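Being a predicted model, the structure only gives us computed values, none of them experimental. Side chains included, hydrogens not; waters and symmetry mates left out as well; all remaining heavy atoms used.
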Amino acid sequence: MTGSPMSGEDPVGALPRLLGVQQVDTAIAQQEHRKSALAERAALAAVEREAALLRRRRREVDGERQALLDRQTELENQTASITQRRRALEERLYGARGVAGRELAQMESEITQLNRRRAEIEESELSLLVDQEPLDAEIDDADKRLGDLDTDTTALRLAVGAADVEIDAELARLRRLRNEAVAGIPADLVERYEALRARLGGVGAARLVGNQCGGCHLELSSVEVDHIRHMPPDEVVTCDQCGRILVREAAVPPPT
């Protein structure tokens, strides 16, 4: 326990007012935590993460699908080339007069090979279509899910925005009250309180309730409590356990 007299105007009433400042600071911290921990904000973040992952996966699938389409285009070009070559050979074959039998046999053999190659290409094209079906289905599912996520995102952003407006208004009100409550408290006491609050989890001043510190909730000895109660009212005392400023008088409630 430490004690030191206060300087400044109305030092006797400063401690109760300081406890009022602490109450407002606690309310401000609660509102700030409420803002950062909004369920809607967490849900929005989750939806945005899911949408980002889904869009990335959709791009990957779209790339795989495009590769199949490119391969299909390549096969179609090969088919067109084969068809054109086979038609030319067939025209020569059917219109051939005075062509040696060996050359005719070569044309027939090439037509057979072209037909075989075209059949192979058709099988490859069919395989590409089979491979493309699950990709098309995945893209369709992703687009539907992304549509749902966009709807959820819009609703959640509206909810977060409305909650932020409400909380920000309350924070502005509380900060005005704090400015009013801190007025008239000696600057050295406020500075000491702020240093303690920064070091002790936002609570720099606490009420002495019986023989218990309202900050750390630990009990002081009866001798210590009796000594504190007989000290001058403007003497600043602190808890030996946690170091917080102890207020012996009933706190003046903050303005409303």
Side-chain angles (χ1 to χ4, degrees), residues 1-42 45 160-256:
M1 174 191 65
T2 61
S4 60
M6 287 180 289
S7 60
E9 184 179 355
D10 190 17
V12 175
L15 287 172
R17 287 199 302 274
L18 184 65
L19 197 54
V21 172
Q22 176 66 79
Q23 290 170 347
V24 175
D25 282 337
T26 299
I28 289 173
Q30 289 170 344
Q31 290 297 320
E32 289 174 339
H33 175 73
R34 177 190 170 200
K35 183 174 182 177
S36 64
L38 277 174
E40 294 86 351
R41 197 184 306 280
V160 169
D164 281 347
V165 168
E166 175 189 344
I167 294 171
D168 287 343
E170 178 62 11
L171 282 170
R173 185 186 75 85
L174 289 170
R175 286 167 182 148
R176 287 194 300 270
L177 292 180
R178 188 189 195 279
N179 291 335
E180 295 171 2
V182 82
I185 301 177
D188 57 343
L189 180 59
V190 174
E191 184 178 350
R192 184 174 180 181
Y193 160 76
E194 293 288 6
L196 288 169
R197 195 164 73 90
R199 184 166 58 87
L200 298 171
V203 180
R207 190 193 304 269
L208 178 62
V209 182
N211 64 344
Q212 187 180 72
C213 169
C216 63
H217 306 292
L218 296 176
E219 292 188 356
L220 284 69
S221 69
S222 298
V223 173
E224 295 254 353
V225 172
D226 184 66
H227 179 63
I228 290 172
R229 296 194 186 284
H230 285 85
M231 293 176 71
D234 63 340
E235 191 83 8
V236 178
V237 297
T238 57
C239 173
D240 272 347
Q241 306 292 335
C242 65
R244 291 180 174 90
I245 297 171
L246 291 175
V247 180
R248 290 162 280 171
E249 294 84 358
V252 177
T256 58

Rounded to the nearest 0.5 Å, what separation is found between the CD atom of Gln241 and the NE2 atom of His217?
-> 13.0 Å
Heavy-atom pair of closest approach, residues Leu19 and Ala205 | CD1-O, 3.9 Å
May I ask you to decide whether Arg178 forms a salt bridge with Glu194, counting only side-chain N to carboxylate O separations under 4.0 Å?
-> yes
So how far is it from Leu18 CG to Gln23 CD, rounded to the nearest 0.5 Å?
-> 10.5 Å
Measure the shortest side-chain to side-chain distance between Arg244 and Cys216 over non-hydrogen atoms and say whether it is less than 4.5 angstrom.
-> yes
Assess whether side chain to side chain contact (heavy atoms under 4.5 Å, CB included) is satisfied between Leu15 and Ile185, documenting all intermediate values.
-> CA-CA 8 Å; Leu15 287 172; Ile185 301 177; over 6 Å; no
Please round to the nearest 0.5 Å and tell me the distance separating atom CG of Leu196 and atom SG of Cys242.
-> 8.5 Å
Side chains of Arg248 and Val237: closer than 4.5 Å at any heavy-atom pair?
-> yes
One should read off an interatomic distance between Met231 CE and Asp226 CG, to the nearest 0.5 angstrom, of 12.0 Å
Does any donor atom in the side chain of Tyr193 or Asp188 lie under 3.5 Å from an acceptor atom in the other side chain?
-> no
Quick check: does any side chain N or O of Arg207 sit under 3.5 Å from a backbone N or O of Cys213, one acting as donor and the other as acceptor?
-> no
What one should report as the nearest heavy-atom pair of Val24 and Leu174 is CG1-O, 3.3 Å
salt_bridge(Glu170, Arg173) N-O dist < 4.0 Å | yes
Would you give the length of the straight line joining atom CG of Asp25 to atom CG of Leu177, rounded to the nearest 0.5 angstrom?
-> 11.0 Å
Would you kindly say whether Thr26 and Gln22 are connected by a side-chain donor-acceptor distance under 3.5 Å?
-> yes
Non-hydrogen side-chain atoms of Val247 and Leu208 separated by less than 4.5 Å | no
Quick one: do Arg34 and Glu166 make a salt bridge, cutoff under 4.0 Å?
-> yes
Output the distance between atom CG (Asp168) and atom CD (Glu32), rounded to the nearest 0.5 Å.
-> 10.0 Å
Give the intermediate values and the outcome of side chain to side chain contact (heavy atoms under 4.5 Å, CB included) for residues Gln212 and Leu218.
-> CA-CA 6 Å; Gln212 187 180 72; Leu218 296 176; over 6 Å; no
Measure the shortest side-chain to side-chain distance between Leu220 and Leu246 over non-hydrogen atoms and say whether it is less than 4.5 angstrom.
-> yes
